[in-house]
Amino acid sequence: MGSLAIIPIDERPIASYIQALANQFVSLDVSEPSRVLAYVVSQSSLYDRIREHQYDNPHLLVLKDMVLYGDANAVSIRDDGVLRMHGQICEPNVDGLRALILV
């Protein structure tokens, strides 16, 4: 979903600055009219690789099925699709990821 707005000429420099911040993964929270909170959002590429390859591992695939059928108490799948056990990310033993994590 997007939106369209007309930005007056005198406000364009600040709009360009905000866009540059967004391009650098800086998010703005304007929850109060008098305050703006800027924070950096970062995520490791290792996290993305784990998420992409979790279900290439047959043991983690079994855990996923257990979660989907409601048979797992300590295992969950978060909104981002990452399988966790007791809150810890389940790392797959594929594509050299486990060795990379343990280095």
Side-chain angles (χ1 to χ4, degrees):
M1 177 181 283
S3 63
L4 178 64
I6 297 173
I7 301 172
I9 291 175
D10 60 331
E11 294 178 10
R12 287 185 185 167
I14 189 111
S16 296
Y17 182 67
I18 290 170
Q19 182 62 48
L21 287 173
N23 291 341
Q24 297 173 13
F25 304 105
V26 174
S27 295
L28 300 176
D29 180 7
V30 189
S31 55
E32 296 180 31
S34 62
R35 298 181 189 178
V36 175
L37 172 66
Y39 55 94
V40 176
V41 178
S42 65
Q43 186 173 349
S44 168
S45 62
L46 182 59
Y47 185 82
D48 291 333
R49 286 182 61 194
I50 290 170
R51 183 177 62 228
E52 290 170 9
H53 293 289
Q54 268 191 331
Y55 303 121
D56 294 346
N57 183 306
H59 299 291
L60 296 182
L61 196 55
V62 169
L63 286 176
K64 175 188 174 188
D65 289 342
M66 290 174 64
V67 171
L68 295 177
Y69 292 114
D71 294 336
N73 295 330
V75 183
S76 64
I77 300 174
R78 298 274 174 95
D79 291 339
D80 59 2
V82 174
L83 185 70
R84 296 174 185 259
M85 180 177 285
H86 298 290
Q88 302 295 314
I89 296 172
C90 297
E91 73 275 353
N93 194 17
V94 294
D95 196 31
L97 284 173
R98 190 168 288 172
L100 185 61
I101 291 168
L102 294 175
V103 170

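Index from 1, following the sequence.
Taking hydrophobic clusters as Ile, Leu, Val, Met, Phe, Trp and Tyr residues chained together by side-chain heavy-atom distances below 4.5 Å, V75 shares a cluster with Y55.
For the atom pair CE of M85 and CD of E91, the computed distance is 10.5 Å after rounding to the nearest 0.5 Å. Here the NE2-CG distance, from H53 to D48, works out to 10.5 Å after rounding to the nearest 0.5 Å.
For R84, the side chain to side chain donor-acceptor pair (under 3.5 Å) criterion is met by Y47, not counting sequence neighbours. With sequence neighbours left out, the side-chain contact (heavy atoms from CB on, under 4.5 Å) criterion links D71 to M66, Y69. Every residue was checked against the side chain to side chain donor-acceptor pair (under 3.5 Å) condition with N93, not counting sequence neighbours, and none meets it. Under the side-chain contact (heavy atoms from CB on, under 4.5 Å) criterion, Q54 pairs with I50, L60, V82, L83, I89, C90, P92, sequence neighbours left out.
Pairs engaging residues 57-67 under the side-chain hydrogen bond (donor to acceptor under 3.5 Å, both in side chains) rule: none recorded [sequence neighbours left out].
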